There are 2 protein chains.
Amino acid sequence: MAKIIPVKNGTRKDVITKKASRLFREKGFTATSMRDIAEAIGIEAPSLYNHIVSKNELLQEICFRIANLFTTHITKVEQSSRRYHVKIELIIRFHIKMMLNESENVYISDHEWRHLPEPYLSNFKNQRRTYRARLSEIIRQGINNKEFKKIDPYVTVLTLLSAIGGIESWQRSKKSVDASTLEENMVKLLLEGLKNHPYPVSEIQKSKSTNN
Amino acid sequence: MAKIIPVKNGTRKDVITKKASRLFREKGFTATSMRDIAEAIGIEAPSLYNHIVSKNELLQEICFRIANLFTTHITKVEQSSRRYHVKIELIIRFHIKMMLNESENVYISDHEWRHLPEPYLSNFKNQRRTYRARLSEIIRQGINNKEFKKIDPYVTVLTLLSAIGGIESWQRSKKSVDASTLEENMVKLLLEGLKNHPYPVSEIQKSKSTNN
DNA sequence: CCTACCGATCGGTAGG
DNA sequence: CCTACCGATCGGTAGG
């Protein structure tokens, strides 16, 4: 009765988590039933509970595992002695690589976290807020250091993260773009939009095209 | 018995749609029950069906209304005789304004469309694919015309759309940034990352910071 | 890992 | 707009 989870090299539960990830991304967490997951594996729904505690546990493990990967990475970047634009480039490239290698779980972490039950929900939101603040701080310092143009650091963080976080949902329908093309082009667009060019290029083409 | 919908100046059904939008964005379409919507209005769930056909109908109307607004706008832009970078700027600003003025419905159209039932689902996906192709074409022409740097048009479209589409989910927690700051900073970052600068600035800072 | 089954909740209908 | 109620499905448990 007492949830004897096999302590092996991590097998049965991993299979469940993998299938669950796939389905959570495809149909959404709420729209995915335990019976869907069980069927994808080839067992009956109640059998899942020999390996997991609850449906929520699956979501928690996905969300926090991804969040911790990002937190670990930014810590490493902060501790390095690179220039600020290099730090931002490293972080942008890490985000893109995460989207490419862990797209299902990153997508879930980005879009399904609101279904976390309450102690975890606040926890997760805190972790995200802190991450964004640390990223903002790097951009702020880069502006002070004249590496970046004068731009609102918080808006920049929002824009960068959502730009990268969104590629997954597009990528699904067409894998027409290979990983390297995607990464280099996104870096070109985002990083060079951020960098400080030593000439007032930003004012040149500012026409009266403002209103829609 | 026959769904006599009041043809008035659009009142009761609008209230339902409004409340539904709010809840669909907050909790997600699947996690929102008809009883949730009814309770938010102050009536019983079955009473909703005097004004609407089904829960799916609510989602359909939201998704297609938003999609049509974007389609109408890009048609107008295409028919104008502006330069390509102005066309892109107009479209970026329209997207940002939509996020700010219709954030709930744009969010639903962006994230909950996969729950559309089948004749509508394919329809919606087609409309989105076409929109992206038309946007790509403007960028491609702008590159040919030397207004934009050499960049993959499709990746650029994905990046621009997801950058703007993501601001909503961030904006929720902190309304610290006012609309004008948000718009000007996003345009600065995204449009200037795209524009062709008449000097090889993009190569200057390209260090060996590639691998994470 | 299964069968049998639980209370809760779902979208929606009947009928007034 | 309500009460009464439907068949279906949900996450999960009991017990082996």
Side-chain angles (χ1 to χ4, degrees), chain A residues 1-8 10-21 23-24 26-63 108 112 114-121, chain B residues 1-8 10-21 23-24 26-63 108 112 114-121:
Chain A
M1 112 234 345
K3 316 274 180 242
I4 299 165
I5 299 166
V7 208
K8 301 198 159 192
T11 2
R12 209 67 183 122
K13 180 164 180 178
D14 291 345
V15 171
I16 295 171
T17 304
K18 190 80 182 301
K19 291 286 186 188
S21 290
L23 289 164
F24 289 167
E26 277 176 8
K27 315 177 41 165
F29 174 75
T30 309
T32 301
S33 71
M34 297 309 281
R35 283 154 180 88
D36 290 333
I37 298 170
E39 190 184 18
I41 297 172
I43 61 178
E44 296 300 319
S47 303
L48 293 169
Y49 291 89
N50 290 309
H51 306 282
I52 65 165
V53 168
S54 66
K55 188 186 179 190
N56 280 325
E57 184 208 32
L58 290 170
L59 182 61
Q60 289 157 28
E61 292 188 350
I62 292 168
C63 289
I108 293 161
E112 306 290 336
R114 56 182 166 172
H115 298 114
L116 288 168
E118 221 341 308
Y120 301 95
L121 180 61
Chain B
M1 111 223 356
K3 316 276 180 238
I4 300 165
I5 299 165
V7 207
K8 300 197 159 194
T11 1
R12 208 66 184 125
K13 180 165 180 177
D14 291 345
V15 171
I16 296 172
T17 304
K18 190 81 183 300
K19 290 286 185 188
S21 290
L23 289 164
F24 289 167
E26 277 176 10
K27 314 178 42 164
F29 174 75
T30 310
T32 301
S33 70
M34 297 309 282
R35 284 152 179 89
D36 289 335
I37 298 170
E39 190 186 17
I41 297 172
I43 60 178
E44 296 300 318
S47 302
L48 294 169
Y49 292 89
N50 289 310
H51 304 94
I52 65 165
V53 169
S54 65
K55 188 186 179 189
N56 280 325
E57 184 207 32
L58 289 170
L59 182 61
Q60 290 158 28
E61 292 187 351
I62 292 168
C63 289
I108 293 162
E112 306 289 337
R114 56 181 167 174
H115 298 114
L116 288 169
E118 220 342 306
Y120 302 94
L121 180 61

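These numbers were taken from a predicted model, which means no experiment stands behind them. Each chain gets a letter, A, B and so on, in the order the sequences are listed, and its residues count up from 1.
- Atom CD of B:E39 is surrounded by 12 or fewer heavy atoms from other residues, nucleotides or ligands within 6.0 Å.
- If you take CG of A:L58 and C1' of D:dC10, they are 16 Å apart, rounded to a whole angstrom.
- For A:P46, taking side-chain heavy atoms from C-beta onward, the closest of the listed nucleotides C:dC10, D:dT13, C:dC5 is D:dT13.
- For the 3.5 Å distance criterion, the side chains of B:N50 and B:S47 fail to qualify, holding no donor opposite an acceptor.
- No donor-acceptor pair under 3.5 Å is formed between the side chain of B:T30 and the backbone N or O of A:A31.
- In this structure, the nucleotide among D:dG12, C:dG11, C:dC2 sitting nearest to the side chain of B:K55 is C:dG11.
- Contact annotation for B:T32: backbone-only contact, meaning every heavy-atom pair under 4.0 Å involves sugar-phosphate atoms and none involves a base.
- Listed pair B:S33 / C:dT9 fails the phosphate criterion, with no side-chain N or O lying under 4.0 Å from OP1 or OP2.
- Each of D:dG11, D:dC2, C:dG12 was ranked by its minimum atom distance to the side chain of A:Y49; first place goes to D:dG11.
- In this structure, CD of B:E44 is placed 15 Å from C1' of C:dT13, rounded to the nearest angstrom.
- The partner of D:dC2 is C:dG15, by the rule that a Watson-Crick or G-U pair needs both atom distances under 3.5 Å.
- Side-chain contact check for A:D36 and A:S33: at least one donor-acceptor pair (N or O, by modelled atom type) lies under 3.5 Å.
- When rounded to the nearest whole Å, the span between CZ of A:R35 and P of C:dC1 equals 17 Å.
- Rounded to whole Å, atom C1' of D:dG12 lies 14 Å from atom CD1 of A:I43.
- B:L48 places its CG atom 14 Å from the P atom of D:dT3, with the value rounded to the nearest Å.
- Whole-Å rounding puts the A:N50 CG to D:dT13 P distance at 11 Å.
- Rounded to whole Å, the distance from NZ on A:K13 to P on C:dC1 is 15 Å.
- Residue B:M34 has its side chain nearest to C:dG11 when only C:dG11, C:dA14, D:dG12 are considered.
- The side chain of A:R12 contributes an N or O atom lying less than 4.0 Å from OP1 or OP2 of C:dC1.
- Using a 4.5 Å cut-off on side-chain heavy atoms (C-beta onward), A:L58 and A:F24 make contact.
- A:E39 has its CD atom 13 Å from the P atom of D:dG11, to the nearest Å.
- Closest contact between the side chain of B:H51 and the listed nucleotides C:dC10, C:dC2, D:dC1 involves D:dC1.
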